[in-house]
Structures are given as C-alpha cells and as structure tokens.
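Here is the structure we will look at, set down as structure tokens.
Order of the sequence lines fixes the chain letters, A, B, ..., with proteins taken first and strands second; residue numbering starts at 1 for each chain. Everything numeric here is computed off the predicted structure, so don't read it as measured data.
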Amino acid sequence: MAKLLILKKRKDFVRAAKGLKVVTPSLILQAAQSLCVPDDCCRFGFTATKKLGKAHIRNRTKRRMRAAVRDVFYDNALSGTDYVLIGRYKTATVDFMALKSDLLYALSKINKMITEKKEPHSDEADLHPTD
RNA sequence: AAAGGCGGUCGGAUAGCUGCACGGCGGAAAGGAAAAUCCGUUUGUGAGGAAAGUCCGGGCUUCAAGAGGACAAAACACCAGAUAACGUCUGGCUGGAGCAAUCCAAGGGAAAGUGCCACAGAAAAAUACCGCCGGAAACCAUUUCCGGUAAGGCUGAAAAGGCGAGGUAAGAGCUCACCGCGAGGUUGGUAACAAUCUCGGCAAGGUAAACCCUGUUUGAAGCAAGACCAAGUUAGGGGUUUUCACGUGCGUUUACGCAAACGGAAUAGAUGGGGCGUUCUCUCCCCUCUCCAGAGGUAGGUCGCGAUGAGCCUUUCAGCAAUGGAAGGCCAAGAUGAAUAGCUAUCCCCCUUUUUAGGGGACAGAACCCGGCUUAUAGACUGCCUUUUUAG
RNA sequence: GCGCUCGUGGCGGAAUUGGUAGACGCGUAACGUUGAGGUCGUUAUGGGCUAAGCCCGUGAAAGUUCGAGUCUUUUCGAGCGCA
C-alpha cells in the first residue's frame, strides 16, 4: 500500500475498539476492517489517555508511536484496515528499537488473526470475535 | 575567607540522515477568473519562564440598556505615585522579626447597633463572693444588718492604665513625678505621620478572616464569542409516466371507452415490489419518477487566527523607583484526534568506577491576544549589600 | 472556556452558631459459649514511648482567634454540571 491516513472520528475509534486486540509491554494495538477507504490505504489512530501523565508526556507518547508506525507500516500493515495504537506508561520512556519490535510483533499477530477470520466464514458472520 | 540578604540573565551546544506542520516558489488537471485540491522543492519559520493553575485586570465579539442614580450581591480598604486597567507594581508611614543587610503585615470603623466569649471564676461587661474599714443591733471567744471601698484574692486567653510617693477609717488619678492614653496648638512633610508644647485627669475588655457601618469598584456572557458559505430534509414550482376512482368534455350508450381530452390529485384509490414484527396466512405501518428552488440554517467547511501589537531590541533624556518621552533598527509558531520527533557523532555538566567504560541532564507542551498574581523547577553565570574573622 | 461540590481511624459516616475530636455501624484481635465452626455475648482497637501519662494527628502549607474539623488565602487530589 502507498498511503497512510490518520483516524480522526470518534466513531472509527469505537469500531476499532470492538475489533481485535493485541497487548505488548509498550503498547496496545487494536484493529478492525475499514468501511469506506480506498484499496491502497490503511488508517492509523493514536490514543494517549489522561492516566499516562500530563500533557507533554501524552504528546511524546503519541509522537513516538507515530514515528514507529511511519518506519514500519509500508511492509507490515494490511490495506483496508483501521489500526489504533494505545499508549502505556512505558511508551514514552522505553528504548525506541524495543518499541518498534513490539509494534512489528503486534502487527504480524493481528494480521494473522484477520486473515484467519476471513478465510473460513463470510465477512458478516463474525462481528463478535470470541477468543 | 566564611556565613547571610536582595536582585538579574540563561534554561544544554554543533553537525549529519530519515520524517512533520505552516508559509514561499514551481508544476498538474479543471476552470472565465479566484479560492480550494493534488504533486514536487531543503527555500524560510517552528513552544515557555512558567506555555501550567484559571486567581484578578483589559482588548475583541455578541446581547441588553436614554444619560444618570438606587437596591441586592461580590471584591477591595495606611499615604502618595505608576498604569489602558487591576485585588498588580514603585516609594514612603506605622507595627513586628533580625546584631545587620533586609524581610513580613486583609494595616478603615468596637464612642451607630446586634450577636458571641466554652470550662474555670465572685464577676466576661455589668456586678460585690471572700477580704479591708466604719456604724448599729444581738450576744459577749462571735454572729447578723446597714454603709464605704476596688488595695489584695483563687480562675482564665482576657478582670475597670503601669510603677513609686503622698493621702485616707480603709481605699481610690483622690493628688504628684515618670511612662502610656486622649484633645487642642505649633513646626516639618503633598499626605500617612513624626517632633514638641499646653490641657485633661483616664473615659470602662476582646472579636468586624461574626452580622454590620463608612468609602471605592463592578451591565451579562464568552473565540464552542461571533461572521460567512452550505449537503440532507423541505414551503413552492416545472417536466415525464401512470391511473377514468373525481369534476368537465367527447363517443357510443345508461354502463363502458378516450390521459396524442382538460383540470385536479401523487399523504385519494388499485395493482405490483421491498422493509419491519422468529416461521406460515391475514390485518396494520413505512418506502417506492425526475429537475429547479425561497426562507431557515443542521451535518460539514471558511473566516475570526497572527507581519502592526498597551509588540521586541539598542541608545539616550526625565524620575529615588515603578514608569514615561525621543531616535534608530526589526517582524518573530499558528495547529484543530491538534505540528518540534527518531537515530548517530563530538563537546559541556552531574553520578558511579582503578582506568576503559556505564548511567543521567530539572519543571514542563502555545490553542484568540495582552498586563499581572500564584504554584513547579536540575543546574550555570553574574551584580550589589550586611555581619564576623584574618592580613596589610 | 465557565461554574459547583467533597477530602475526618482499615472502610462507611457523625461532630448544634469556633469550645474536651473521633458518636454510630462494619471490619480486626482476644476471651466466653461449642466436640469444631457460624451465630451470639463481653472487652480492646489511630500513630509514637513499656503502663499511668504526655506529644502528634481532620489531604498539605500559612494566617485570623485565647482557642480552628469548622473562618480566610494558597495548594494537592477526587467527582460533577453547562456551552
């Protein structure tokens, strides 16, 4: 895929939160099928809650997640998918290479889950992932 | 040199690679043109002293309102000045802390009125329990009654100026010296106030960060203010198709036909299709051609919004200072799920370690803009002042 | 952006107008009852020093007052409302 778009609407975040989820020490990744996006795009959203700290810590968390995504999304993200990254306490302080490897692991795992879901059933059958 | 006090400046630096936002420049398609959109470009710029808390004051915007005044509510309160304004700042006064430099203070009114002052104590704001003194009566070791007194008394945070002398039946500012207090005058000062002189003899406690009184200030709300554009929905209108159930017309006829007859209807009716109610049947409900488009203004967008502002820097003048005037120079973030990041190298600072080396670099992120206040803050540099010690 | 409320033992929650702080309930511990446990009853229970006793304690720091849980200011935390 060629393009990276940023999620902006609350609706999209809520839909991603209802989808699949992978947790790593430095971040949480959620994903769901996009509804109205061109084929060669995938969309990313970034969340940093008030629990993490004050404003400058939340800003740094989002910036680091954005930088990591920019490095890896081209080879590892599926097109037509919405991803949401949620920051954790460690995200702002952990080594950048570790953050990147966590992101790669989470992406590969969640992509595997998505393709497995797609193959056996039709798309409308599994709105509620049960694991 | 040590200890201390009051300020001021800064808030890691440089280079490279990969990326972000806005502006500039160039190009693309479309278009009358512009705006907007997309692509490229290293061409420019890119968080703070508090951006924070939202505690005050303004600009700006909308609403309200004759000018103005009053009530209510809130805030403030020694004096003078600065300022657009302020509850801010500067200088001074008074009181307090400190050897000092210096620092701290919501610092008007209790003689306008109301309330409160637990426990203790005779008594908490008005009085006489004990005591002291005098007189009278009873009775004769003392008791009772009347009067004077505020010297002494336990208590308490606080008990009718302090201390000494005179004075007295005992006492008392009753009188006197000193100190304190109050009133008036003089001098100095713009004033708060200070110094000094004369007089009064002492008025009857605290609390106003209890109500309150006096004086001053305040119209309300906030950029999600507000202005503009504007899907969908939709008043209304046009066109096409269908419908003969309705009115009129025509034909035949008394019930049908005619929409290449007209009007009206489209939320009248019929037929068909779809949706919903688990399944089937029935009933019921909703939807079912297209174009234009008023008003309103929703979703959404644009502006407000940053290169003109109580702006910044330098020099100079006035002033003790806050600050003000003049001259010269400069233009410096503008996002909206919200731009500054990631990595590498060198230098700087701190910690650990025998070296190599390793770890760390505070508080903290603009959101319409300014002036303050408050709070958080590793460390670095620097100016002035005070005290003590040593040397000359 | 504007505005409001609340912080008291381990927990919930009292404290009249400023006057001895921890009422009341839950919990915890010990003892009694029981073969054992529950229920029930009694006692104790904030922190420090061993007991009497003293000191410190109402989110934190200052102030007013003779005296603050209460009044005032600043600050920290939690929650709520409106646009």
Side-chain angles (χ1 to χ4, degrees):
Chain A
M1 65 224 66
K3 276 203 199 161
L4 171 75
L5 299 177
I6 303 292
L7 282 184
K8 294 191 175 182
K9 297 286 180 192
R10 178 175 158 75
K11 238 192 284 178
D12 297 330
F13 280 84
V14 170
R15 211 184 56 248
K18 285 181 183 166
L20 303 167
K21 180 177 167 190
V22 170
V23 180
T24 69
S26 60
L27 53 87
I28 298 172
L29 183 68
Q30 296 172 335
Q33 285 292 313
S34 285
L35 294 181
C36 49
V37 158
D39 283 342
D40 60 340
C41 296
C42 64
R43 300 197 295 177
F44 277 85
F46 305 93
T47 297
T49 62
K50 227 174 194 176
K51 223 163 61 178
L52 294 181
K54 299 201 173 181
H56 74 284
I57 296 173
R58 298 202 297 271
N59 274 357
R60 164 158 301 169
T61 304
K62 286 203 220 176
R63 267 189 234 126
R64 286 174 67 105
M65 291 194 291
R66 207 175 290 131
V69 165
R70 199 182 298 124
D71 284 357
V72 303
F73 86 99
Y74 191 84
D75 296 324
N76 297 289
L78 291 176
S79 61
T81 308
D82 288 347
Y83 296 94
V84 171
L85 278 77
I86 301 175
R88 310 190 72 186
Y89 289 100
K90 281 185 176 174
T91 310
T93 56
V94 79
D95 191 60
F96 189 68
M97 294 311 292
L99 181 66
K100 225 156 132 181
S101 66
D102 275 348
L103 178 61
L104 281 172
Y105 165 77
L107 274 174
S108 66
K109 188 167 178 185
I110 213 163
N111 289 341
K112 214 166 135 193
M113 287 161 74
I114 288 172
T115 49
E116 275 177 6
K117 294 270 171 177
K118 267 187 180 175
E119 282 166 6
H121 318 289
S122 66
D123 274 344
E124 285 77 17
D126 53 356
L127 285 174
H128 305 287
T130 54
D131 279 336

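- The partner of B/U61, taking Watson-Crick or G-U wobble pairs whose two distances both stay under 3.5 Å, is B/A221.
- The partner of B/G264 cannot be assigned: no Watson-Crick or G-U wobble pair with both contacts below 3.5 Å exists in any strand.
- Where RNA chain C pairs in unbroken runs of 3 or more (Watson-Crick or G-U, both distances under 3.5 Å), the stems are C:1-7 with C:76-82, C:10-12 with C:24-26, C:27-32 with C:40-45, C:46-49 with C:53-56, C:59-63 with C:71-75.
- The gap from the C1' atom of C/A52 to that of B/C130 amounts to 37 Å, rounded to the nearest Å.
- Regarding contacts with the backbone of B/G342, a side-chain N or O of A/Arg64 is found under 4.0 angstrom from either OP1 or OP2.
- Pairing for B/A160 is absent, judged as Watson-Crick or G-U wobble with the two contacts each under 3.5 Å.
- In B/A165 the O4'-C1'-N dihedral to the base is more than 90° from 0, which defines an anti nucleotide.
- Closest to the side chain of A/Asn59, out of B/G337, B/A47, B/G342, is B/A47.
- Separating the C1' atom of B/U37 from that of B/G58 is a span of 42 Å, rounded to the nearest Å.
- Nucleotide B/A380 forms a Watson-Crick or G-U wobble pair with B/U9, both donor-acceptor distances falling under 3.5 Å.
- Ranking B/G337, B/U340, B/G342 by closeness to the A/Arg63 side chain, first place goes to B/U340.
- Distance CZ (A/Phe46) to C1' (B/A339): 14 Å, rounded to an integer number of Å.
- Considering only residues two or more places apart in sequence or on other chains, A/Lys100 meets the salt bridge (charged side-chain N to carboxylate O under 4.0 Å, His left out) condition with A/Asp71.
- The phosphate of B/A364 has neither OP1 nor OP2 within less than 4.0 Å of any side-chain N or O from A/His56.
- Of the P atoms belonging to B/G12 and B/G365, the separation is 15 Å, rounded to the nearest Å.
- The side chain of A/Arg66 lies closest to B/A339, out of B/G365, B/G342, B/A339.
- The partner of B/U186 is B/A195, judged by Watson-Crick or G-U wobble contacts that both fall below 3.5 Å.
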